[in-house]
K.L.:
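This is the structure I have questions about; it appears just below.
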Amino acid sequence: MKKVIPIVSERAPAPVFAGGELADTRGRTMHDLRISVTDRCNFRCVYCMPREVFDSQYRFLPHGAILSFEEIARLAGIFVDLGVRKIRLTGGEPLVRRDLQRLVAMLAPLGAELTLTTNGSLLAKQAGALKAAGLQRVTVSLDSLDDATFRAMNDADFPVARVLQAIDVAAAEGLTPVKINTVVKRGVNDQDIVRMAERWRGTGNIVRFIEYMDVGSSNGWRMDDVVPSAEVVRRISARWPLVPADANYEGEVAQRWRYVDGAGEVGVISSVTQAFCATCTRMRLSTEGSLYTCLFAQSGHDLKSLLRAGASDDQIRNEIAAVWQRRADRYSEIRTAETAKERKVEMSYIGG
Ligand code: SAM
């Protein structure tokens with residue numbers, strides 16, 4: 001058998017996980033796991049995978065470097081043992097990974113809530129199989145209802161009508177409530193906020209407006225491009241009054257706002273103007289099996305080497321527990337124009 005590589009021992013010996021609730025240095029527990037199943041995407045959203053960087057020369061991970069479904073499922077089981085209650089499949093674009101429903105079927109029996117974030121381009125075809133395999137809900141990213149604006153933002157000339165159709169198919173399959181994620185960039189799609197809200201009011205689906213973030217190092221982020229969530233809420237409320245609603249659970253990313261007239265709710269995700277690091281319960285597993293304790297991290301912890309060197313479940317569990325127990329991240333609380341320029345791992349690799 002190959003030698004097991006001790007990935008954290010250069011800093012401190014890994015404490016042995018003895019069960020119970022796992023807490024980091026700020027008392028945050030581990031609740032959610034985001035799994036990036038591919039670093040590839042068929043869109044080139046200008047704020048995420050700009051075409052100038054992710055061009056035909058860009059070297060995506062070779063197949064042998066990415067975790068197999070069996071490896072992902074094994075790790076996911078260990079995370080659930082450690083307290084994870086919610087798993088989100090993401091990427092890149094998760095639906096470009098072949099036979100994703102096979103992975104869903106392997107994860108569903110773990111008993112954690114199972115969801116997926118997608119750009120919707122391949123969802124209409126796959127929604128039925130994903131639901132049948134055990135997927136519970138989907139979040140669909142959609143930045144504009146205006147076809148020209150949407151095509152410009154996805155930079156793949158993909159029409160908005162096909163995403164809208166995919167949302168209908170997903171809802172009909174019962175992957176509900178469908179959540180619609182809209183990243184708002186000032187001067188690009190902020191003119192669409194009220195129209196977006198109107199489109200999803202009363203449908204049972206929930207639109208969430210995300211502040212444009214300085215993830216990765218390739219999107220040229222500037223604070224001036226951010227539309228603060230408070231402004232989003234103000235603009236919608238001027239048309240249909242909103243009141244704050246309670247979080248569904250501690251650590252929920254989106255702040256919920258309910259229409260006074262009973263037409264449902266909208267969400268806002270304010271990672272720039274109202275950092276929620278204090279309640280962050282998320283862990284991220286990258287496409288090639290590295291563990292990241294923050295979306296804005298500069299480096300991860302290699303689990304793939306452990307897996308492929310023949311480590312036991314107990315050894316891997318202890319390793320993950322040690323990483324979480326040492327976790328001190330609070331990037332969004334300390335963000336400045338300077339930190340925004342730091343080299344960070346790309347969102348398409350780490351999983352959005
Ligand atoms: N391809 C899938 C999709 O489009 O939903 C999953 C991956 S994508 C990276 C996940 C989410 O991250 C999307 O909703 C996307 O809009 C969001 N995102 C990407 N870059 C962002 C940024 N700089 N600021 C805020 N949200 C961003």
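Order of appearance sets the numbers: ligands from 1, and atoms from 1 within every ligand. For the single chain, residues carry numbers from 1 onward in sequence order.
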K.L.:
Give the residues near ligand 1 by chain and number, with the criterion being a heavy-atom distance under 4.0 Å.
P.N.:
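Shell around ligand 1 (4.0 Å, heavy atoms): Tyr47, Cys48, Thr90, Gly91, Gly92, Glu93, Thr117, Thr118, Asn119, Ser141, Asn181, Val183, Ile210, Glu211, Tyr212, Met213, Val215, Asn219, Met347, Gly352.
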
K.L.:
Can you tell which of Leu95, Thr139, Val140 makes a side chain to side chain contact (heavy atoms under 4.5 Å, CB included) with Leu116?
P.N.:
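Among Leu95, Thr139, Val140, the one that satisfies the side chain to side chain contact (heavy atoms under 4.5 Å, CB included) with Leu116 is Leu95.
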
K.L.:
Could you go through the salt bridge (Lys or Arg N to Asp or Glu O under 4.0 Å) check for Arg26 and Asp329 one step at a time?
P.N.:
CA-CA 9 Å; Arg26 301 181 77 194; Asp329 308 84; over 6 Å; no

K.L.:
Quick check: does any side chain N or O of Asp192 sit under 3.5 Å from a backbone N or O of Leu145, one acting as donor and the other as acceptor?
P.N.:
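The answer is yes, because a donor-acceptor pair under 3.5 Å joins these two groups.
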
K.L.:
Using only atom types and a distance under 3.5 Å, with no angle test, would you say the side chain of Arg28 pairs donor to acceptor with the backbone of Cys277?
P.N.:
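Answer holds: yes.
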
K.L.:
Please list, chain by chain and in numerical order, all residues satisfying side-chain contact (heavy atoms from CB on, under 4.5 Å) with Phe276, sequence neighbours excluded.
P.N.:
Val253, Ile269, Ser271, Thr279, Arg282

K.L.:
Counting heavy atoms not belonging to Asp246, are there more than 12 under 6.0 Å from its CG?
P.N.:
no

